[in-house]
> 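Below: one structure in structure tokens.
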Amino acid sequence: MDDPNADTEWNDILRARGILPPKDEKRDDEIEDWYVETVKAKEEAQKSLDNKTLDELDELEDELDDDRIIQEYRQKRMQEMQQVASKEKYGEVTQISKPDFVKEVTEASKECFVVVHLYQDAIPACKLMNQHLATLAREFKATKFLKIVADQCIPNYPDRNVPTLLVYGEGDIKANIVGAIAFGGMNMTVSSVRAQLANVGAVPPEDDGEKEKSKKKKSIYSSAATAALSSDDEEESDDDRGYY
């Protein structure tokens, strides 16, 4: 049997002759409004899911009957996490020698950024640089951090040029940053080293929140150093008074 509510030419003729009642246009409008609202709600839900962790997605799945969208987002998020994990495989500053250079630096830089520190043990700025690079290596595990004694890498490399950072990417050298002064001398910080590396894309730049944290840390360290110096001065003064 034909549906009297169907939109057909025959039903339109019957409606015109009064045999069928007029089509319920109000009901059609309500259905259209409901459809638009449903689509909009799903779009909003998808946007909100973009920032959810896997644990939060699990909680939402428990709360909602229709978990198809959540399942899709969980799968997408897990794929993203696996891709990131496959790249974040370093995490420390590794010592290399000259025979390793082509394999560990040039060849490896075809897959990721490689930062090479040319250093000398006896130079304080190099020790400070190694500390800061170790911090960055732990934070940015997708970047490969290496170190090599300068004159073992380049014969007769001048001590005045160290620390030197060589930055490789796409199988070629991207930057050659020479001397401690480029990083702030003995006042160099993790942030100042990171800024130089970020300029060539080896690590991401600091955002405003990270910059504020760095300023607070620097202020705390400066205050502690000032307090320590003041304490030393007082002890010296007390000692001096003992001689009179």
Side-chain angles (χ1 to χ4, degrees), residues 80-81 83-98 100-121 123-154 156-222 225:
E80 291 173 349
M81 291 172 66
Q83 289 175 354
V84 171
S86 67
K87 295 178 180 178
E88 295 187 340
K89 55 185 178 181
Y90 300 110
E92 61 183 13
V93 182
T94 303
Q95 181 81 42
I96 63 169
S97 59
K98 183 64 179 289
D100 304 322
F101 198 93
V102 173
K103 178 183 176 183
E104 298 293 339
V105 180
T106 310
E107 293 297 326
S109 70
K110 294 176 182 178
E111 298 182 359
C112 66
F113 272 98
V114 180
V115 177
V116 187
H117 178 204
L118 274 56
Y119 75 99
Q120 289 290 356
D121 276 323
I123 296 178
C126 291
K127 295 180 179 179
L128 188 57
M129 175 64 77
N130 276 329
Q131 292 174 10
H132 294 333
L133 291 179
T135 299
L136 292 172
R138 288 192 295 270
E139 186 171 357
F140 305 110
K141 296 179 181 179
T143 300
K144 188 174 185 179
F145 288 86
L146 306 171
K147 62 181 179 179
I148 182 171
V149 177
D151 54 9
Q152 289 182 10
C153 181
I154 304 173
N156 302 316
Y157 195 72
D159 286 354
R160 66 177 179 273
N161 286 354
V162 296
T164 291
L165 294 189
L166 307 179
V167 183
Y168 280 74
E170 300 176 330
D172 199 4
I173 190 164
K174 297 293 184 181
N176 179 12
I177 311 170
V178 178
I181 193 67
F183 307 95
M186 288 305 293
N187 291 319
M188 76 172 74
T189 62
V190 174
S191 293
S192 66
V193 176
R194 178 177 175 177
Q196 290 286 355
L197 296 178
N199 285 339
V200 291
V203 297
E206 282 187 321
D207 59 30
D208 292 338
E210 289 173 317
K211 287 179 182 177
E212 190 62 31
K213 287 181 182 178
S214 296
K215 287 181 182 178
K216 288 181 179 179
K217 285 183 180 179
K218 187 174 181 181
S219 176
I220 291 171
Y221 293 150
S222 297

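Atoms considered below: every heavy atom in the structure, side chains included; atoms not considered: hydrogens, waters and symmetry mates.
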> Side chains of Leu146 and Glu104: closer than 4.5 Å at any heavy-atom pair?
yes
> Report the distance from atom CG of Leu133 to atom CZ of Arg138, rounding to the nearest 0.5 Å.
11.0 Å
> Below 4.5 Å, heavy atoms only, C-beta onward: do Leu165 and Gln196 meet side chain to side chain?
no
> Give me the atom names and distance for the closest heavy-atom approach of Ala125 to Ala180.
CB-CB, 3.8 Å
> Treating Lys98 as the side-chain partner and Cys153 as the backbone partner, does any N or O pair qualify as donor plus acceptor under 3.5 Å?
yes
> Compare every heavy atom of Pro205 with every heavy atom of Arg194, then report the nearest pair and how far apart it is.
NH2-O, 3.2 Å
> Side chains of Leu166 and Thr164: does their closest heavy-atom pair fall under 4.5 Å?
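In contact.
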> Taking all non-hydrogen atoms of both residues into account, name the closest pair between Ala175 and Val200 and its distance.
CB-CG1, 3.6 Å
> What's the shortest heavy-atom distance between Val193 and Leu136, and which atoms?
CG1-CD1, 3.8 Å
> Are the charged groups of Glu111 and Lys144 less than 4.0 angstrom apart, N to O?
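Lys144 and Glu111: not salt-bridged.
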> Over all heavy atoms of both residues, which pair between Val162 and Gln120 is shortest? Give the atoms and the distance, please.
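Where Val162 meets Gln120 most closely, the heavy atoms are CG2-CG, 4.2 Å.
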> So Phe101 and Val116, do their side chains get closer than 4.5 Å, heavy atoms only?
yes
> Is there a side-chain contact between Leu197 and Thr143 in this structure, where contact means two heavy atoms from C-beta onward sitting under 4.5 Å apart?
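Heavy-atom side-chain distance check fails, nothing below 4.5 Å.
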> Compare every heavy atom of Asp151 with every heavy atom of Asn156, then report the nearest pair and how far apart it is.
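Answer, listing the atom of Asn156 first, then Asp151: N-CB, 4.1 Å.
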> Take Phe145 and Val203 through the side-chain contact (heavy atoms from CB on, under 4.5 Å) test and state the conclusion after the steps.
CA-CA 11 Å; Phe145 288 86; Val203 297; 4.2 Å; yes
> Would you say the side-chain atoms of Asn130 pair up with the backbone N or O of Lys127, donor to acceptor, closer than 3.5 Å?
no
> Would you sort out whether Tyr119 and Val149 count as a side-chain contact (heavy atoms from CB on, under 4.5 Å), showing the intermediate values?
CA-CA 5 Å; Tyr119 75 99; Val149 177; 3.6 Å; yes
> What distance do Thr106 atom OG1 and Glu170 atom CD have between them, rounded to the nearest 0.5 Å?
13.5 Å
> Do Lys174 and Phe113 come within less than 4.5 Å of each other through their side chains, counting heavy atoms only?
yes
> Working to the nearest 0.5 angstrom, can you tell me the gap between Asn161 CG and Ile177 CD1?
13.5 Å
> Report yes if some heavy atom in the side chain of Val93 is under 4.5 Å from a heavy atom in the side chain of His117; otherwise report no.
no
> Can you find a heavy atom in the side chain of Ile148 that is under 4.5 Å from one in the side chain of Leu118?
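The answer is yes; the side chains approach within 4.5 Å.
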> More than 12 heavy atoms of other residues, nucleotides or ligands under 6.0 Å from CD of Glu107: is that the case?
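Yes, CD of Glu107 has more than 12 neighbouring heavy atoms, counting only those of other groups under 6.0 Å.
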